Amino acid sequence: MVRRREILKTAMVLAAAQLAGADLDAAAPAEAKTPQPPAPQSPAPQSPAPQSAAATGSGPAKPFDYAWLKGQARFLAGNPYQTSKDVLPASMAALSYDQYQSLRFRSDHALWGDGGLPFRLQFFHVGRGFAQAVHLYEVNEGQAREILYDPSMFEFDKAGLDPAVMRDHAGFAGFRVQFVTDWKDDVAAFLGAAYFRAVGGDTRQYGLSARALAVDTAYPRPEEFPRFTAFWFERPAKGSGTLTMYALMDSPSIAGALRFLIAPGGTLIMDIDSALYPRKAIDRLGVAPLTSMFFYGENDRRAANDWRPQIHDSDGLSMWTGAGEWIWRPLSNPAQAHLNSYFDENPRGFGLLQRDRNWDHYQDDGVYYDRRPSLWVEPKPGSHGGWGKGAVQLFEIPTVDETSDNIVAFWNPAEKTKAGQEMLFSYRLFWGTHLPYSSPLAQTLATRTGIGGTVGQRRQYYSWHFAVDFSGGELGALPKDANVEAVLTASRGSTTEHLTAHYVEEFKGYRVLFDVRPPDESNDAVDLRLYLRIDGRPLTETWNYQWIPLPVKDRKAAL
């Protein structure tokens, strides 16, 4: 069994994809799952740290605003991409996981740590998988000053390093954000490529990640990972509940400028404005990408080899379409990588959710998967009234354990990117266990599957059984003899059998049972859609599922 502290999520490179990111906890840094792409900036200048213990911007003052930052990103995109010249000392590159974890930031050196302000920032050290330093700046009254690295900000003793070695070759890899309600815990962290995480105040638990952008995900070639190269932090006013910060992003294909407004709370909210400037055409652009882990659950136990009943950071993709339909797509851990596209126009929102909050369904008293935050994306209208035409795309890749993120979801615009254009996207992220948007209809409570056929009778052919539970909405208030109808469709010539729907008092909802029989000579995936209705109107969200039958050659053995 693998326990996380948070534990590292190691690189997983498949023929179809690469995913990258970092697991973080409130006490220690972590490392990326995949080496980051090179960055166009050299390590932060090595100058003496300020005299006071708390970090502060002490470099030369330069005017700063978001318009200037967008100009910088546009300038970068108009020039050839420059690879990073950063080189870690050999001793830093060779650190073990535990040694790197022991590189602790001294809390008395936190940015704004002595100013009585509502936010503090602590920094991660470069090392191990984080070879490129990021530049950090404090912005006060429209003037930006760089926060200069100094080894005295960190504890090196447990890592067996000489701080003097760090002065000429080191810097910051990222940072964590803390809020006045509890200086011991994080509310957000940025570390690795263009990845970041946040927590809701109700659990203070990290889980899935977000990214600034995804480039060419799910192709039979390595994915490109844009990287944050610099951040600017506006000094907050006393009593403010919002941190405003900015980021510069770069990669071989695209540069970008982003503005973040971070408001901690029971549900943490991030308002994000991004201005993107492609250097060249991009085959698949992923806007507002979310990255998570699904090892196994009630619906998919193909890889279940652990004593715990379920292991996942998220259990489903929720979508609220531009036409107003609510769709729930349970996640899976497929034997082969699969990309699904859900075409839409001006989507109202989508997210990777952890709906199952029952601790008994996980039995994990170490990392508490029942407490993992959900993450919802709310697109904001742009100059054309919305995000236009495109698709929410879900990419699922196989994983053999819980240490690798294997799920990514994002918005892919229908209009292809072109070199030299400006692309503007604004959206809001909600992190937590209680999200502001949910269907007024009944929702999917659970999806369970197993071998089909009739119990006690010899099976004559291969089929698969589904039990889908719906609860909420009107279901609990309907008469027990209400004419509730299950509407089920299946693709690719498959046959559905034994379809029933009945009320279950234990969860005050309806259970739908059915079997699916795939075409005899087909190994293709089967797409399923299901909802309940009464008198022609829907009672539930739409349950959408992709089932992968056993290969034809293996089906007789399953009977």
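Computed from a prediction, not measured in an experiment: that's the story for all the values here. For reference, positions follow the sequence shown, starting with 1.
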Is it the case that the side chain of Arg259 and the backbone of Tyr66 share a donor-acceptor pair, with hydrogens and angles ignored and the cut-off at 3.5 Å? no
Tyr437 and Glu378 side chains, donor-acceptor separation under 3.5 Å: yes
Cation over ring, Arg355 on Trp328, under 6.0 Å and within 45°? yes
Check whether the side chains of Gln122 and His109 place a donor and an acceptor atom closer than 3.5 Å, and report yes or no. no
Side chains of Arg197 and Ser209: is there a donor and an acceptor less than 3.5 Å apart? yes
Under a 4.0 Å threshold between the charged nitrogen and the carboxylate oxygen, would Arg329 count as salt-bridged to Glu541? no
Are side-chain N/O atoms of Glu146 and Ser58 paired as donor and acceptor at under 3.5 Å? no
Which residue, Asp401, Asp405, Thr399, forms the side-chain hydrogen bond (donor to acceptor under 3.5 Å, both in side chains) with Thr403? Asp401
salt_bridge(Asp370, Arg357) N-O dist < 4.0 Å: no
Does the pair Gln443 and Trp326 meet the rule for a side-chain hydrogen bond (donor to acceptor under 3.5 Å, both in side chains), with working shown? CA-CA 9 Å; Gln443 296 183 350; Trp326 283 91; over 6 Å; no
Tell me, yes or no, whether the heavy-atom count around Tyr368 atom OH, taken from other residues, nucleotides or ligands under 6.0 Å, exceeds 12. yes
Could you walk me through whether Arg120 and Asp114 satisfy the salt bridge (charged side-chain N to carboxylate O under 4.0 Å, His left out) test, starting with their C-alpha distance in whole Å, then the side-chain angles of each, then the deciding distance to 0.1 Å, before giving a yes or no? CA-CA 9 Å; Arg120 293 179 185 174; Asp114 60 355; over 6 Å; no
Could you check whether any side-chain N or O of Thr267 sits under 3.5 Å from a backbone N or O of Leu435, counting only pairs where one atom can act as donor and the other as acceptor? no
Could you tell me if Asn140 and Gln143 have a donor-acceptor pair between their side chains, going purely by distance under 3.5 Å? no
Under the criterion ring-ring contact (aromatic ring centres under 6.0 Å, His included), which of Phe105, Tyr100, Tyr149 is the partner of His125? Tyr149
Looking at Asp186 and Arg176, is any side-chain nitrogen of the basic one under 4.0 Å from a carboxylate oxygen of the acidic one? yes
Using the rule given for side chain to side chain contact (heavy atoms under 4.5 Å, CB included), can you reason through Phe233 versus Val139, listing the C-alpha separation, both sets of side-chain angles and the distance that settles it, and then say yes or no? CA-CA 6 Å; Phe233 312 109; Val139 179; over 6 Å; no
Going by an N to O cut-off under 4.0 Å, is there a salt bridge joining Lys380 and Asp271? yes
Decide yes or no on salt bridge (charged side-chain N to carboxylate O under 4.0 Å, His left out) for Asp364 and Arg308, but give the supporting numbers first. CA-CA 7 Å; Asp364 195 311; Arg308 291 165 290 174; 2.5 Å; yes
Counting distance only, does the side-chain N/O of Ser404 pair as donor-acceptor with the main-chain N or O of Asn406 below 3.5 Å? no
Calculate, to the nearest 0.5 Å, the distance between atoms CZ and OG belonging to Phe154 and Ser102 respectively. 12.0 Å
Rounded to the nearest 0.5 Å, the CG atom of Leu148 sits from the CG atom of Asp150 at a distance of 9.0 Å
Side chain of Gln205, backbone of Arg371: donor and acceptor closer than 3.5 Å? no
Run Glu224 and Ser251 through side-chain hydrogen bond (donor to acceptor under 3.5 Å, both in side chains) and show every step you take. CA-CA 8 Å; Glu224 180 178 307; Ser251 77; 2.6 Å; yes
For the residue pair Gln393 / Trp411, report whether a side-chain donor-acceptor contact shorter than 3.5 Å exists. no
Should Gln421 and Tyr277 be marked as a side-chain hydrogen bond (donor to acceptor under 3.5 Å, both in side chains) after you check the CA-CA gap, both sets of side-chain angles, and the distance that decides it? CA-CA 6 Å; Gln421 72 178 131; Tyr277 304 94; over 6 Å; no
Correct closest heavy-atom pair for Gln310 and Gly297 would be OE1-CA, 3.6 Å
Under 6.0 Å between ring centres: does that hold for Tyr342 and Phe350? no
Any donor-acceptor pair under 3.5 Å linking the side chain of Asp344 with the backbone of Val392? no
Can you confirm if the aromatic rings of Phe231 and Phe175 lie within a centre distance of less than 6.0 Å? yes
Any donor-acceptor pair under 3.5 Å linking the side-chain atoms of Tyr369 with those of Glu402? yes
For Leu285 and Met423, what are the C-alpha separation, side-chain angles and deciding distance, and is it a side chain to side chain contact (heavy atoms under 4.5 Å, CB included)? CA-CA 11 Å; Leu285 189 73; Met423 305 177 70; 3.6 Å; yes
Pair Ser314, Gln354: side-chain N/O donor-acceptor within cut-off below 3.5 Å: no
